[in-house]
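All values reported here derive from a predicted model rather than from experimental measurement. The chains referred to below are lettered A, B, ... by the order of the sequence lines, with proteins before strands, and numbering in each begins at 1.
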Amino acid sequence: MKPTIPKGMRDFSPVDMTRRNFILNAICQVYRQHGYRQIETPAMENLSVLEGKYGAEGDTLLYRVLNSGKLPEGPAKIHDLSEKGLRYDLTVPFARYVVMHRNEITFPFKRYQVQPVWRADRPQKGRYREFYQCDADVIGSDSLLNEVEMVQMITEVFTALDIRTELRVNNRKVLAGLAEKLDIPDRFMELTIGLDKLEKAGLEKVMDEWRSRGIPSEALAKLEELLANSRPAGEPGGHLTEFLRGSEPGEKGIGEVQSVLDLSGREGNASLKFDLTLARGLNYYTGMIFEVKCTEKDSQFGGSLLGGGRYDDLTGVFGLPGVSGVGISFGVDRIHDVMTGLGKFDNRAPGTVTRVMFVNFGEAEAGQALGMADRMRLAGIATEVYPDAAKVKKQMSYADANAIPFVALLGSEEIKSGNVKVKDMRSGEQEDMTVQALIEKIRKDGET
RNA sequence: GUGAUUGUAGCUCAGUCGGUUAGAGCGUCAGAUUGUGGAUCUGAAGGUCGCGGGUUCGAAUCCCGUCUUUCACCCCA
């Protein structure tokens, strides 16, 4: 039998893991510094929790898990066959968690969560069927300061990771106001989907699509003029504000965007921009929405590295209405791909944590080495003893391949003298010293 | 789901018009060196040519199907 893994899923080798952990550490450290606390939820949720939360498209991308036990005979509906599904994101399971644990939670509740999610999508560049999300949400507070905090955390993370990005923000209320003022409130979906495509497809094609979908020409004319006057701004701008005057959600949305822009510092690697064409497909968002794209010249990856936004009533369907939340979700795998493509790992994320390896010269010597290794570890130094009395050449090669910086040789000569011979694998220099001196040496080396 | 595209050694790739025994580089392992990695030299292992079917005297090569890869649409992290 030839081993294979399912389409869109991947193995993670040691190098990949150190890199992913490097990214995860950077993100989670920022989350913790802002007071977020970690939770986990199960890989599977009941389908009733997942279905209908991600739009019609989302339901088709859900992995449904076949019921165990005997399957019904004859024609069966999907719910006779499956009542559980793999989680599609971390936000909906979180909303479910909040409702189920409402009596133990003190609001506002700030949590972070790092777990894989699954989508039955067609894989392509930067799109996998299994991938990690790294979410932070605060629920039970409608203060805009939470949005500001999201912006700050995003900036801190991309600064720490040393990737230049653009953080685009918009507000669903602005979009709702736009539909209202264009007199097409019932065409909100078509409007936003078109806006979202503008950057990729261009104005002309999008206009054609709107036209063919039956959006009135008066609305399109107004829209065209508005877009021509306000698109590349980075701030809401006078035209848009003027246009939305008189629409309650529109004015409110503009106010929120302005506050977030005003309150967020603009230092760092995520340049903050208002973008009217940012829509976000997930239909539970109701207020501010966020998206991050890489702006490094050498990276041709166009997908988003982060998404997020405010949802006013995600918990409502589970029986807890009126609890508002905001959250963001880092796409760890995409960040990993971008950083690898840019060579950002070349001088970071070491391959091993082992600092020193003892060469094995045979049973008696290895016994001594075992004792010394124990002392090393008690002193907080990650230490290995090579398991076989193989040729020294092979043992050295192992240390080299695993980027272990020091090799300790403890053979009969050294045992006699009470020292170990220590080789620095980077310089090739070696000298005899006591175990205590070795501990000092490695400690000093770790500081530089 | 729609339309393209890819598949030959662990990796990157050659392989002519269909022709007999499918190659290279890198990597791996062993030796040159019985206590010293990276460099060099020598040698070895490693292939159902993605899988199934068809055409043919003969298929890695041509045809069909299928799976997989990558890409676009769609949607998204």
Side-chain angles (χ1 to χ4, degrees), chain A residues 1-10 13 23 27 54-61 87-91 114-135 165 189 192-194 196-197 200-201 205 209 278-283 285 289-294 300-309 327-338 357-362 365 386 389-415 420-430:
Chain A
M1 189 211 53
K2 199 177 183 175
T4 54
I5 48 176
K7 194 187 188 128
M9 305 193 175
R10 299 154 306 152
S13 294
I23 296 169
I27 299 171
Y54 309 105
E57 187 88 18
D59 279 0
T60 69
L61 299 180
R87 74 168 96 78
Y88 179 91
D89 72 355
L90 301 179
T91 307
V114 185
Q115 290 188 276
V117 303
W118 294 269
R119 297 181 188 179
D121 219 334
R122 273 263 184 117
Q124 50 178 273
K125 191 204 282 287
R127 171 180 294 180
Y128 307 102
R129 286 183 163 177
E130 177 183 54
F131 60 95
Y132 267 78
Q133 289 194 330
C134 191
D135 279 36
T165 61
M189 280 302 279
T192 53
I193 288 172
D196 198 42
K197 282 187 202 166
K200 239 184 193 176
K205 278 193 180 164
E209 193 180 324
L278 173 64
R280 303 251 90 218
L282 293 175
N283 55 13
Y285 291 125
I289 45 182
F290 309 104
E291 179 169 280
V292 169
K293 287 194 170 176
C294 181
Q300 60 287 71
F301 183 70
S304 53
L305 303 182
L306 171 142
I328 53 176
S329 179
F330 283 89
V332 179
D333 300 85
R334 286 183 171 181
I335 294 173
H336 175 279
D337 290 353
V338 164
M357 182 197 86
F358 280 85
V359 170
N360 184 328
F361 282 110
E365 293 91 335
Y386 195 87
K391 287 186 175 142
V392 174
K393 178 186 165 77
K394 183 166 169 58
Q395 302 193 38
M396 298 295 275
S397 297
Y398 172 88
D400 188 46
N402 288 297
I404 297 171
F406 295 100
V407 168
L409 297 98
L410 184 67
S412 50
E413 294 165 32
E414 288 79 13
I415 289 173
V420 276
K421 194 181 288 292
V422 177
K423 177 161 183 168
D424 183 328
M425 294 295 278
R426 293 151 305 185
S427 64
E429 286 164 15
Q430 59 185 41

(request) Scan every strand shown for a Watson-Crick or G-U wobble partner of U66(B), both distances under 3.5 Å, and answer none if you come up empty. (result)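 Here U66(B) is engaged in a pair, and the nucleotide opposite it is G50(B).
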(request) Might you point out which heavy atoms bring Phe361(A) and Leu409(A) nearest each other, and give the distance in Å? (result)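 Closest approach of Phe361(A) to Leu409(A), heavy atoms only: CZ-CD2, 3.8 Å.
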(request) Measure across Val114(A) and Cys134(A) and return the closest heavy-atom pair with its distance rounded to 0.1 Å. (result)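 Heavy atoms of Val114(A) and Cys134(A) come nearest at CG2-SG, 3.6 Å.
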(message) Nearest whole Å is fine: how far is C75(B) P from Phe131(A) CZ?
(response)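 In whole Å, C75(B) P and Phe131(A) CZ are 16 Å from each other.
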(request) Could you check whether Tyr398(A) and the base of G37(B) form a stacked pair, meaning centres closer than 5.5 Å and planes differing by less than 30°? (result)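 Here Tyr398(A) fails the 5.5 Å or the 30° condition.
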(message) With rounding to the closest Å, how many angstrom separate the C1' atoms on U21(B) and U70(B)?
(response)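 35 Å, rounded to whole Å.
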(request) Using the P atom on both, measure G27(B) against C17(B) and round to a whole Å. (result)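 33 Å, rounded to whole Å.
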(message) Just to be sure I understand the rule, does Gly307(A) reach a base, reach only the sugar-phosphate, or reach nothing, if contact means heavy atoms closer than 4.0 Å?
(response)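 Sugar-phosphate: the residue Gly307(A), judged by heavy atoms under 4.0 Å, touches backbone atoms but no base.
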(message) Once hydrogens and angles are ignored, does a donor-acceptor distance under 3.5 Å link the base of U36(B) to the side chain of Gln395(A)?
(response)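 Side chain to base: no pair present.
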(message) Checking contacts here: which listed nucleotide (G37(B), A77(B), G35(B)) is nearest the side-chain heavy atoms of Ser304(A)?
(response)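 Looking only at heavy atoms from C-beta outward on Ser304(A), the closest nucleotide is A77(B).
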(request) In whole angstrom, give me the gap between the P atoms of A72(B) and G53(B). (result)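 35 Å, rounded to whole Å.
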(message) By the 4.0 Å heavy-atom rule, please label Gly428(A) as base, sugar-phosphate, or nothing.
(response)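 Answer is base: heavy atoms of Gly428(A) come under 4.0 Å of a base.
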(message) What is the distance, to the nearest angstrom, from the CD1 atom on Ile289(A) to the P atom on A77(B)?
(response)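 Taking atom P of A77(B) as the reference, CD1 of Ile289(A) is at 11 Å.
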Quick test: give all pairs of protein nitrogen or oxygen and nucleotides 66-72 of chain B nitrogen or oxygen below 3.5 Å, distance rounded to 0.1 Å.
{"from": "U68(B)", "atom 1": "OP2", "to": "Lys7(A)", "atom 2": "NZ", "distance (Å)": "3.3"}
{"from": "C71(B)", "atom 1": "OP2", "to": "Lys125(A)", "atom 2": "N", "distance (Å)": "2.2"}
{"from": "A72(B)", "atom 1": "OP2", "to": "Gln124(A)", "atom 2": "OE1", "distance (Å)": "2.6"}

(message) Using the C1' atom as the point on both nucleotides, what is the distance between C57(B) and G65(B), in whole Å?
(response)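 Looking at atom C1' only, G65(B) and C57(B) are 26 Å apart.
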(message) Using a heavy-atom cut-off of 4.0 Å across all strands, would you classify Ile335(A) as base, sugar-phosphate, or nothing?
(response)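 Here Ile335(A) touches no strand at all.
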(request) Can you tell me the distance, in whole Å, between the CD atom of Glu291(A) and the P atom of C75(B)? (result)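 After rounding, the reported distance stands at 13 Å.
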(request) Could you tell me whether the phosphate oxygens of A77(B), OP1 or OP2, come under 4.0 Å of any side-chain nitrogen or oxygen in Lys293(A)? (result)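 Looking at the OP1 and OP2 atoms of A77(B), neither is under 4.0 Å from any side-chain N or O of Lys293(A).
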(message) Can you give me the closest heavy-atom contact between Glu130(A) and Pro116(A), atom names plus distance?
(response)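 Of all heavy-atom pairs spanning Glu130(A) and Pro116(A), the closest is CG-CB, 4.3 Å.
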(message) In whole Å, measure the gap between the C1' atoms of C76(B) and C13(B) for me.
(response)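 About 34 Å, rounded to a whole number of Å.
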(message) Using Watson-Crick or G-U wobble geometry with both distances under 3.5 Å, which nucleotide pairs with C73(B)?
(response)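 Its partner is G1(B).
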(request) Would you mind reporting whether Tyr132(A) and Asp333(A) have side-chain heavy atoms less than 4.5 Å apart? (result)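 In contact.
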(request) For C11(B) and C73(B), measure between their C1' atoms and round to the nearest Å. (result)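 Going atom to atom, C1' in each nucleotide, I get 33 Å.
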(request) Ignoring the backbone of Glu57(A), work out which of U36(B), C75(B), A30(B) is nearest its side chain. (result)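 The listed nucleotide nearest to Glu57(A)'s side chain is C75(B).
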(request) Tell me the partner of A24(B), counting only Watson-Crick (N1-N3 plus N6-O4 or O6-N4) or G-U wobble (N1-O2 and O6-N3) with both under 3.5 Å; none if nothing fits. (result)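 Base partner found: U12(B).
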(request) Identify which nucleotide among G38(B), U36(B), A77(B) has an atom closest to any side-chain atom of Met396(A), counting heavy atoms from C-beta outward. (result)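 The nucleotide sitting nearest to the side chain is U36(B).
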(request) Go ahead and name the base partner of U61(B); Watson-Crick or wobble counts if both distances stay under 3.5 Å, otherwise write none. (result)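 Base partner found: none.
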(message) Applying a 4.0 Å non-hydrogen cut-off, can you work out what Thr91(A) is touching in the nucleic acid: base, sugar-phosphate, or nothing?
(response)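 The answer is nothing, as Thr91(A) stays clear of every strand by at least 4.0 Å.
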(request) State, with a plain yes or no, whether a side-chain heavy atom of Val420(A) is found less than 4.5 Å away from one of Phe358(A). (result)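 With C-beta onward as the side chain, the pair touches.
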(message) If I take atom CD1 in residue Ile404(A) and atom C1' in nucleotide G37(B), what distance separates them, rounded to the nearest angstrom?
(response)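 Answer to the nearest Å: 11 Å.
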(request) Taking the side chain as every heavy atom from C-beta outward, state whether Phe406(A) and Arg426(A) have any pair of such atoms under 4.5 Å apart. (result)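 The answer is yes; the side chains approach within 4.5 Å.
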(request) Rounded to the nearest angstrom, tell me the gap between atom NZ in Lys423(A) and atom C1' in U36(B). (result)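 Nearest whole value for this atom pair: 5 Å.
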(message) Students often mix this up, so state it plainly: with edges at 30° and 60°, are the rings of Tyr386(A) and Tyr398(A) parallel, tilted or perpendicular?
(response)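 The arrangement is perpendicular - the two ring planes meet at more than 60°.
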(message) Return whichever of Lys421(A) or Arg334(A) has its heavy-atom-nearest nucleotide of RNA chain B closer to the 5' end.
(response)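 Looking at RNA chain B, the more 5' nearest nucleotide goes with Lys421(A).
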(message) Using the side-chain heavy atoms of Asp121(A), tell me which of these nucleotides is nearest: C75(B), G37(B), G35(B).
(response)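 From the listed options, C75(B) comes nearest.
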(message) Using the P atom as the point on both nucleotides, what is the distance between U56(B) and G15(B), in whole Å?
(response)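 Those two atoms are separated by 28 Å.
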(message) Any heavy-atom pair between the side chains of Tyr128(A) and Asp337(A) that's under 4.5 Å?
(response)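 Yes, at least one pair of side-chain atoms sits under 4.5 Å.
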(message) Over all strands shown, is Glu365(A) touching base, sugar-phosphate only, or nothing at heavy-atom distances under 4.0 angstrom?
(response)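 Nothing: the residue Glu365(A), judged by heavy atoms under 4.0 Å, touches no strand.
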(request) Tell me which of Leu409(A) and Lys394(A) sits closer to the 5' end of RNA chain B, going by the nucleotide each one is nearest to. (result)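 Counting from the 5' end, the first nearest nucleotide belongs to Lys394(A).
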(message) Say we look at G19(B) and G10(B): how far apart would their C1' atoms be, to the nearest angstrom?
(response)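 Looking at atom C1' only, G19(B) and G10(B) are 31 Å apart.
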(message) Under a 3.5 Å cut-off for both contacts, is A32(B) paired Watson-Crick or G-U wobble with anything, and if yes, with which nucleotide?
(response)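 WC or wobble partner is U40(B).
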(request) Calculate the interatomic distance between Asp424(A) atom CG and G38(B) atom C1'; express it in whole Å. (result)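 Rounded to the whole Å, the gap is 13 Å.
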(message) For Lys197(A), give me all partners under salt bridge (Lys or Arg N to Asp or Glu O under 4.0 Å), at least two apart in sequence or on another chain.
(response)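 Partners of Lys197(A) under the salt bridge (Lys or Arg N to Asp or Glu O under 4.0 Å) test: Glu209(A).
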(request) Report yes or no: does Asn360(A) contribute a side-chain atom to a donor-acceptor pair with the main-chain N or O of Gly362(A) at less than 3.5 Å? (result)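 Flag set: sc Asn360(A) to bb Gly362(A) pair under 3.5 Å.
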(request) Grab the CD-P distance between Glu413(A) and U36(B) for me, whole Å please. (result)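 Answer to the nearest Å: 11 Å.
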(request) Could you check how far CD1 of Ile23(A) sits from C1' of A77(B), rounded to whole Å? (result)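 It works out to 13 Å between those atoms.
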(request) Mark yes or no for a side-chain to base donor-acceptor pair under 3.5 Å between Arg127(A) and C75(B), with no hydrogen or angle criteria applied. (result)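 Such a pair is found, so the answer is yes.
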